[in-house]
Amino acid sequence: MSLSNERRALLAFALSMILFVAYDVLYLGPHMKKEKERREAAALVQAQPENTAPHTDSSATTPSGGNAATAPPPALAAADSLQEQPEKLIIVASPLYEYTLSSRGAEIVSARLLRYETNGAPVELIAGGKSWSGRRMLAASLVSETGTMPLDGISFDVSSGNAQLTDSARVMLTGDKPVDIVFRAQTPTGVIERTYRFRGDHYDFDTSIRVADAVLPGAENVSLTFGPGIGPTEHNVTDDQMAFKGSVMLGEEFHRKRPTAFGRDKVEHYKGTLNWASLQTKYFLAAFYPEEPTRAEIDMTGNKQAHQITQTVTVPMKTAASELKETMHVFMGPMDYKLLASIGIGLERDVEMGWRVIRPVSSAVLWSMQKLYHVIPNYGIVVIIISVLTKVLFYRLTHKSFKSMKQMQELQPRLQAIKEKYGDDKRRVSEETMRLYKEMGVNPLGGCLPMVLQMPVFVALFNVFRYTIELRGAPFVGWINDLSQQDVLFHLPVTLPLIGNNFSLLPLLMGVAMFAQSKLGQSPTGQTSTAVPPGFNTMLPIVFTFLFYKMPSGLVIYWIINTVMSVAQQYYIHKSHNEESAAVAVAPVAPKKSGRGGRRN
């Protein structure tokens with residue numbers, strides 16, 4: 001790239017950032033502030049006791065004097081007094097995770113997965129800083145027909161068992177024994193209680209809400225939100241953000257959106273019978289699912305420019321005496337296919353396994369990898385074994401494909417002669433071409449059909465090696481210390497276009513292997529198919545080298561092994577074919593019989 005092009009790129013980037021910041025400051029920020037104020041005002045109005053005088057527009061808009069109420073409703077006073085309490089942060093830790101919960105709103109402000117690391121620290125699912133959505137993870141709201149009452153600003157008292165928890169209290173969990181963290185707020189109109197039930201050896205937990213029906217008269221539903229959603233968890237942030245998705249399963253209907261799918265319309269609304277709703281990155285997942293499928297409304301919100309996505313799920317509450325209750329299950333953990341399948345609601349569908357027809361093949365590949373790992377605890381060696389086994393499995397099909405392509409290459413001069421002889425007579429060219437194929441015993445589709453049959457397996461292998469969490473953080477040998485990341489042998493002193501400043505050896509080895517394969521693909525006479533443009537066989541390895549340069553090293557290792565074995569197989573086919581041709585050339589020709597049929601003495 002020339003210097004002028006670089007300046008243009010920098011200028012375009014700078015202008016994009018200015019527009020994004022201006023949009024955030026001038027429109028998005030004020031709009032979200034107004035919307036929050038509108039929600040709070042509606043909630044406080046609806047929170048008045050039933051015996052309060054009916055609310056009218058004139059009383060709401062009168063600034064002072066007249067018939068306007070001079071004292072705030074009891075619910076508003078209670079909310080104000082509760083908001084004055086200092087925030088307490090409670091840490092819930094187990095061998096699997098460490099959650100930080102806030103007494104303000106009873107929400108989760110940090111979720112660290114202790115068995116997975118990024119840059120030497122446990123994976124953090126919730127991005128730090130101010131939430132782009134204006135709400136935090138698992139923020140709740142009471143919903144009636146006429147308004148919504150967010151619980152975000154309420155300060156709760158926190159307890160576990162019989163003990164009151166103070167700021168920075170740490171609750172340690174082990175094993176399968178459930179532990180409840182209870183958030184309780186007493187208002188003049190009744191109790192609001194949120195309870196979390198955790199188990200030390202499970203990534204899933206329960207969150208429930210219990211509220212007096214007088215807190216918000218007419219309330220029938222409760223909404224839970226993913227707040228800011230899940231933040232990037234990988235060293236390669238761009239690659240991770242490309243895998244961001246929001247999904248919802250409503251009965252038999254499956255809906256999935258990426259942040260890039262949101263333009264001017266930043267919200268997608270869904271209604272139906274909820275099985276589950278989820279957000280995912282490349283390797284991690286957050287999901288809500290009810291105890292039983294229930295009717296629900298889901299708002300999925302995305303920000304294309306910032307690669308952000310979140311969801312708000314609204315479900316009905318159950319009525320018991322003068323209380324409203326609802327429980328939702330939550331999963332926050334790795335995209336482990338077996339783990340998600342064990343929940344039994346179909347969450348494993350979020351794992352990237354390809355199209356429906358390919359998913360069974362991908363599952364079989366993943367199962368084989370996991371079984372081999374129990375015997376050979378090195379996923380790098382497992383990838384090599386899977387690559388070799390796959391090549392052996394399709395050896396005969398690949399052999400027929402290469403042999404057919406070889407025969408087609410040798411026929412190229414004669415096919416070209418037919419085209420030159422019959423010119424524009426396409427019907428005659430077709431007839432003579434098919435006659436030649438039949439005479440030489442060549443199937444024109446013989447080179448393609450075996451490859452087509454292998455494609456589902458190749459695609460399945462690609463998906464498993466690229467997206468499976470088993471390879472995340474898995475070392476191989478030497479400098480290859482994470483099969484889910486680009487292999488970096490050393491850092492370059494400069495940043496190069498398409499490459500960056502990392503020197504990776506595996507993609508270069510793959511390019512060399514592909515170049516050797518392309519050379520073996522040519523016929524011994526130097527004739528190549530007229531369907532292949534000049535220089536195509538040389539350019540293809542170069543293109544693939546750049547394409548795979550930043551790919552996960554596990555995927556590149558698979559491609560290298562597959563290509564090297566293909567080169568060996570092609571070499572064997574060439575050698576055998578040349579020996580057969582040489583044998584035919586030197587074979588003695590039987591003498592013709594004499595016309596008289598006599599024999600000399």
Exercise. Between Leu138 and Thr225, does a side-chain contact (heavy atoms from CB on, under 4.5 Å) hold up when you go through it step by step?
Worked result: CA-CA 5 Å; Leu138 297 184; Thr225 178; over 6 Å; no

Problem set entry | Verdict with supporting geometry, Asn501 and Phe503, side-chain contact (heavy atoms from CB on, under 4.5 Å) | CA-CA 7 Å; Asn501 66 339; Phe503 181 85; over 6 Å; no

For this session: Apply the test side-chain contact (heavy atoms from CB on, under 4.5 Å) to residues Arg466 and Asp239: give CA-CA distance (whole Å), side-chain angles for both, the deciding distance (0.1 Å), then the verdict.
Result: CA-CA 11 Å; Arg466 178 165 171 76; Asp239 183 60; 2.9 Å; yes

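- The shortest distance between side-chain heavy atoms of Tyr203 and Met332 does not fall below 4.5 Å.
- In the displayed structure, Met242 atom CE is contacted under 6.0 Å by at most 12 heavy atoms of other residues, nucleotides or ligands.
- No donor-acceptor pair closer than 3.5 Å links the side chain of Glu234 to the backbone N or O of Asn236.
- Crowding of Arg256 atom CZ: a count of heavy atoms from other residues, nucleotides or ligands under 6.0 Å exceeding 12.
- Ring pair Tyr116/Phe284: centre-to-centre distance below 6.0 Å.
- For Arg349 and Phe254, the positive end sits near the middle of the six-membered ring, less than 6.0 Å away and at most 45° from its axis.
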Taking only distance into account, with no hydrogens and no angle test, what donor-acceptor pairs under 3.5 Å do side-chain atoms of residues 546-560 form with protein atoms, sequence neighbours excluded?
residue : atom : partner : partner atom : Å
Tyr549  : OH   : Asn502  : O            : 2.8
Tyr549  : OH   : Ser504  : N            : 2.9
Ser553  : OG   : Asp482  : O            : 3.2
Ser553  : OG   : Gln485  : O            : 3.1

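- Side chains of Leu366 and Met353 form a contact here, defined as non-hydrogen atoms less than 4.5 Å apart.
- Ring pair Tyr289/His329: centre-to-centre distance below 6.0 Å.
- Taking 4.0 Å as the cut-off between side-chain N and carboxylate O, Lys245 and Asp350 do not count as a salt-bridged pair.
- Looking only at distances, no side-chain donor or acceptor of Gln280 sits under 3.5 Å from a matching main-chain atom of Ile230.
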Exercise. Given the rule in the ring-ring contact (aromatic ring centres under 6.0 Å, His included) test, do Phe331 and Phe288 qualify, once you have shown the distances and angles that lead to the verdict?
Worked result: CA-CA 7 Å; Phe331 177 91; Phe288 295 156; over 10 Å; no

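- Judged by distance alone, the side chains of Asn303 and Trp132 never bring a donor and an acceptor atom under 3.5 Å apart.
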